[in-house]
Amino acid sequence: MKFTPSYEPDKFESDIYNAWEQNGFFRPKAEDSEKFYSIVMPPPNANGNLHIGHGLTIALEDSLIRFHRLRGDKTWYVPGADHAGFETWVVYERALEKLGHSRFEYSRDELYSQVWDFVEEQRGNMELQVRALGASCSWEDLTFTLDENVVSRVYKTFEKMWNDGFIYRGEKLVNYCPKHETAFADIEVEHIDEPGFLWDLKYEIAPENTDSKNSSTPDFIVVSTTRPETLFGDEAVAVNPNDPRYKNIIGKKVKLPLTDREIPIIPDEHADPTYGSGAVKITPAHDFDDFEVGERHSLEKLRVISDNGHMLPICGERYSGLTTEECRKQVLKDLKSEGLLLGKKKITHAVAHCYKCGTVIEPTLKEQWFIDTEKLASLAISHLEKNEISFHPASKQKVLINYLKNLKDWNISRQIPWGIPIPMFKKSAEISSGTGEEVKNDSPDWIFDTRVELKEIEVAGVKYIRDEDTFDTWFSSSHWPIVCTDWTEAHGSPFYPLNVMETGADILFAWVARMIMMGLYVTGEVPFKSVYLHGLVLDEHGKKMSKSKGNVINPMSLVAKYGSDAFRLGILRGRSAGMSQAFSEQSVLSGRNLCNKLWNISRLIDSWVEDAKTPDAEETIPRPKTAYTTFNPGEDWICREIDSLKKSVEKNMKSYRFSEAVEEIYSTIWDKYADWFLESQKLYKNLPLLKATLEDILIIAHPFMPFVTEAIWQALSWTDGFLIAESWPSSLDFDPISAEEFERTKLVVSEIRRLNTVLKAQNPHYKIPPILFGDDSLVSENADLICALSKAPGISPTDGSPRGIRLALEGREVYLDVDEKTVASHRESLESHILSIGRELDALNARMTNPNYVKKAPAHLVEETRQGIKEKEALISRLKLELEVIK
RNA sequence: GGACUCUUAGCUCAGUUGGCUAGAGCGUUUCUUUGACGUAGAAAAGGUCAGAGGUUCGAGUCCUCUAGAGUCCACCA
């Protein structure tokens, strides 16, 4: 294969991916069961497109997987697809609406199969995109969140919990979206501070209860509320027991406005004497606080708002059927006309919204299934406190423990058809067919049964009807590490626990917390050894991406434009764990440039290898490792640099510092390998070394830029097989003295270049002069290289009569052979150089004059400082001497 | 109200147990039509590390406070 002048990713990527997949590199062999390195992908929504967060997830996870694969671990990366219960449901419901249909036209079972088809149609799309990002995952093991084994595992857990008494049926207030007509967990509700009003309503004290003998007793009480329309459900008015204003009316009754009901005045700490009027109406069926108050005082829970947000008939003909908003207006109008509306105050308060449609959440009284989370949470906390899971960033461990300590019971019922049916059946009031016997009183109200395909079942002569609700998706998702690894009670799984769970920091509570609780509950072991949480990917201005703002960056369009590797490099660059950070196309562009650079490096080396080939001198190249020897300047140095790159990538990957790893690869390839080593090799062309070092670089870079490195591997004339299956390089041999010598040679070249640039700036007609060197073995031994790298027209010894400008480098005797005029004009820059060295010297001297430093600092530091002072002093005196000469 | 995070170059961020002259990318300026790459090469400018105090021989790094930014949790009628 021939190298084109620039790397064109779209010509290679899909072929390479297919070749990898078809050759089975993504799947660990069955017999290799000893040392697995396993990661499961947080399942992207089956019916959706990947967003930038998935792009980041795959870049992170796949680089870990590829790194470990090259290191020789049996890696196992499981892709997934999420039925995404509610998310998908919203999309589907919208599609139905567009066709002029409503979900209420269909039965639950009909809806379920419709959505199944809908998702099936869309699913391939997501999988193609995961492939395009280069994810080296085991497709045969793809798990869909509604797969048979997932459902059966979820049912098993539910049954265990039911038997353990962790599950209870409760009538409680739940967060309810009147638009979607389903309940949510607390975590799915968004609290937003909004302006609103606090109205003062006049509740008259019922006349028959007024103590006529005591005229000091007021005949009404003012209650403050933000939701006047709920007054129909009021069951009491609460005042603080310590509030002197109301002490003597506790226990009396008030007339509920617009109705003919009377409700008591009760004492409760919940009433804050400093807020509003200090008296608060209690609506147990429609407010979380009031619910609690109601429980304390055994109040009725009267529902006055329907599931879809309309007033119920109990509110009276005038209000029944109105939306809550309409009803509020009407109530306020009526109260006003009756003189019962006393005041209105602007306030800001937190209002709960549906996280999907933004509709105001209506706390609604519902019978639902709840998980008693107390034992689950404390189990999780005890393992977390033993540091059985390492967190990146570490701070999230504390955050998670704090969350678990305050965890409330978990409502797992959802009133949407798209999801896993809850396997619970309720005893029917009807007498079961045939027997004619009465229902036995001792038969349970609810029974667990997995025959969810049936609407009703019969057990011991009793008829039971299926609960129509489905599970909260997080209930099944919390089993993800268990189900993906096929963990069983009998055999466990060689992949469980996972090595790493990598996901977004935003679902630490919703998902990670629940996986830990469930993993421990089901298997007794934590589900993963490490957690890496990435932050949000923000737009280039640091703003959250959103469709409405129009600042969404689509990963696929970046892949199409710059290539998959460029995207991966761009998204990993400068990103650290847990932080929400800006991302721009610019970083992808620089990733693309690196790919092209590496491509051209390889192109050059390959052309040298090809040029050297003569028909009769066909080399026999030992694979897998090219043997090499170092002869020339820079060769030991590049071996040292690659060796240190290798070690630092190992270290960074171990501590999940992806960005640092990428940065080091970038600078080694570009600044070291291309700009110094290859430039030097233009003189020497040590082919075995060039080949060996290029191979190492390709392997080390492969986890981060898999496609271009493989494309190069395939294009090189001497390599065979696949790069993905190569093994991580062993340590390179090098002579450290020779490496250090090249470092000093670089300094000479840089200084010559810098001087030339400065002098050129002073005089546009300046031409790069020849180089002279005195008694300087480093320069004489590297003369050709220095000459070539600095583009000087020539280099020669001074023969004892130095002239021109001497380089200000310690221990060097190198001159630029320039004319007298140029020498004189250089004086100024020399003076400023002396000043800056002087400042550094002062700093070092200050340290040494401090007796405590000399006494307490480590000896090697003190010695270094002493050495530094000596060198700087020598340099200054020499520079001063040069200044004398220039005069 | 509670918890957590952040503040380092024009921008986005590194800086691991305190230790040599605080780094990178992008951007900016100057130079280079050298046959791997202009998606390039060479060079340069740019930082009182938010502020104050403390610990220390030594603080971007540890502690306290202040100011600012952000995120999450929470029932404020």
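We name chains A, B, ... by the order of the sequence lines, and we start the count at 1 in each one. Only this structure's heavy atoms are used, side chains among them; waters, hydrogens and symmetry mates stay out.
In terms of position on RNA chain B, the residue among A/V280 and A/N402 whose nearest nucleotide sits closer to the 5' end is A/N402. Toward the 5' end of RNA chain B, the nearer of the two residues A/N600 and A/M579, judged by each one's closest nucleotide, is A/M579.
B/rC6 and B/rA50 have their P atoms separated by 12 Å, given to the nearest Å. Using C1' as the reference atom, B/rA9 and B/rU5 are 23 Å apart when rounded to the nearest Å. Comparing the P positions of B/rU30 and B/rU12 gives an interatomic distance of 25 Å, to the nearest angstrom. For B/rA59 and B/rC20, the P atoms lie 12 Å apart once the distance is rounded to whole Å. Across the C1' atoms, B/rU64 and B/rG10 are found 33 Å apart, a figure rounded to whole Å. Separation of the C1' atoms belonging to B/rU39 and B/rA44 is 23 Å when rounded to the nearest angstrom. For the P atoms, the distance from B/rU56 to B/rG2 is 33 Å, rounded to whole Å. Nucleotides B/rG54 and B/rU17 have their P atoms positioned 25 Å apart, rounded to a whole Å.
With B/rU39, B/rA43, B/rC13 as the candidates, the nucleotide lying closest to the side chain of A/Q581 is B/rC13. For A/K791, the listed nucleotide lying nearest its side chain is B/rU34; candidates were B/rU34, B/rA40, B/rA77. If you check B/rA77, B/rA24, B/rU39 against the side chain of A/D287, the one that comes closest is B/rA77. Checked against B/rC37, B/rA40, B/rC75, the side chain of A/F288 finds its nearest nucleotide in B/rC75. Here the nucleotide nearest the side chain of A/T226, chosen from B/rU39, B/rA36, B/rA77, is B/rA77. In the set B/rC4, B/rA40, B/rA77, B/rA77 carries the atom at the smallest distance from any side-chain atom of A/D272. Considering only the side chain of A/K682, B/rA36 comes nearest among B/rA36, B/rA77, B/rC13. The listed nucleotides are B/rA40, B/rA36, B/rG25; the one nearest the side chain of A/D671 is B/rG25. Looking at the side chain of A/I601, the nearest of the listed nucleotides B/rA36, B/rG25, B/rA77 is B/rA36.
As rounded to whole Å, 17 Å separates atom P of B/rA40 from atom CH2 of A/W599. Distance, A/L789 CG to B/rU32 C1': 16 Å, rounded to whole Å. Atom CD in A/Q762 sits roughly 15 Å away from atom P in B/rC31 (whole-Å rounding). Across the protein-nucleic acid pair, A/R575 atom CZ and B/rA24 atom P stand 21 Å apart, rounded to whole Å. Atom pair A/I768:CD1 and B/rC31:P shows a separation of 14 Å (rounding to whole Å applied). The distance between atom CG of A/N756 and atom P of B/rA44, rounded to the nearest whole Å, is 12 Å. Between the P atom of B/rG38 and the CZ atom of A/R592 lies a distance of 11 Å, rounded to the nearest Å. As rounded to whole Å, 17 Å separates atom P of B/rA36 from atom CG of A/L716.
The local environment of NZ in A/K685 is crowded, with over 12 non-hydrogen atoms from other residues, nucleotides or ligands closer than 6.0 Å.
Backbone-only engagement by A/S750 is indicated by non-hydrogen atom pairs under 4.0 Å involving sugar-phosphate atoms exclusively. Residue contacts shown for A/G278 include a base, since a base heavy atom lies under 4.0 Å away. Using a 4.0 Å heavy-atom criterion, one finds that A/A238 contacts no nucleic acid atom at all. Contacts of A/F583 with the nucleic acid, taken as non-hydrogen atoms under 4.0 Å apart, are absent. Residue contacts for A/A582: at a heavy-atom cut-off of 4.0 Å it reaches the sugar-phosphate backbone alone, with no base atom in range.
Under 3.5 Å, the side chain of A/K760 and the base of B/rC31 form no donor-acceptor pair of N or O atoms. With hydrogens and angles left out, the side chain of A/E660 and the base of B/rA24 share no donor-acceptor pair within 3.5 Å.
In this structure, A/F12 has its ring center under 6.0 Å from that of A/W599. Aromatic ring centroids of A/Y532 and A/F391 lie 6.0 Å or more apart.
A/V609 pairs in a side chain to side chain contact (heavy atoms under 4.5 Å, CB included) with only one of the listed residues (A/L690, A/L716, A/L687), which is A/L687.
A/K597 has no side-chain polar atom (N or O) that falls below the 4.0 Å cut-off from OP1 or OP2 of B/rG38. Of the side-chain N and O atoms in A/S576, none sit less than 4.0 angstrom from OP1 or OP2 of B/rC13. For B/rG15, the OP1/OP2 oxygens have a side-chain nitrogen or oxygen of A/R657 closer than 4.0 Å. Of the side-chain N and O atoms in A/R754, none sit less than 4.0 angstrom from OP1 or OP2 of B/rA43. The phosphate of B/rA36 (OP1 or OP2) has no side-chain N or O of A/S602 nearer than 4.0 angstrom.
Remark: A/K202 engages no residue in a side-chain hydrogen bond (donor to acceptor under 3.5 Å, both in side chains) (not counting sequence neighbours). The side-chain contact (heavy atoms from CB on, under 4.5 Å) search around A/S648 returns A/N652, A/E664, not counting sequence neighbours.
Here CG of A/D290 is found 4.0 Å from CD1 of A/I282. Values are rounded to the nearest 0.5 Å. Interatomic distance, A/M545 CE to A/L536 CG, rounded to the nearest 0.5 Å: 9.5 Å. Atom NE2 in A/H286 sits 8.0 Å away from atom CG in A/L173 (nearest 0.5 Å).
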Show me the dot-bracket string of RNA chain B, counting Watson-Crick or G-U pairs under 3.5 Å, with | for pairs to another strand and [ ] for crossing ones. (((((((..((((.....[...)))).(((((.......))))).....(((((..]....))))))))))))....
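For the pair A/R514 and A/W410, the cation-pi criterion (under 6.0 Å, within 45° of the ring axis) is fulfilled. Taking the ring axis of A/Y666 as reference, the NZ or CZ atom of A/R573 stays within 45° of it and closer than 6.0 Å to the ring centre.
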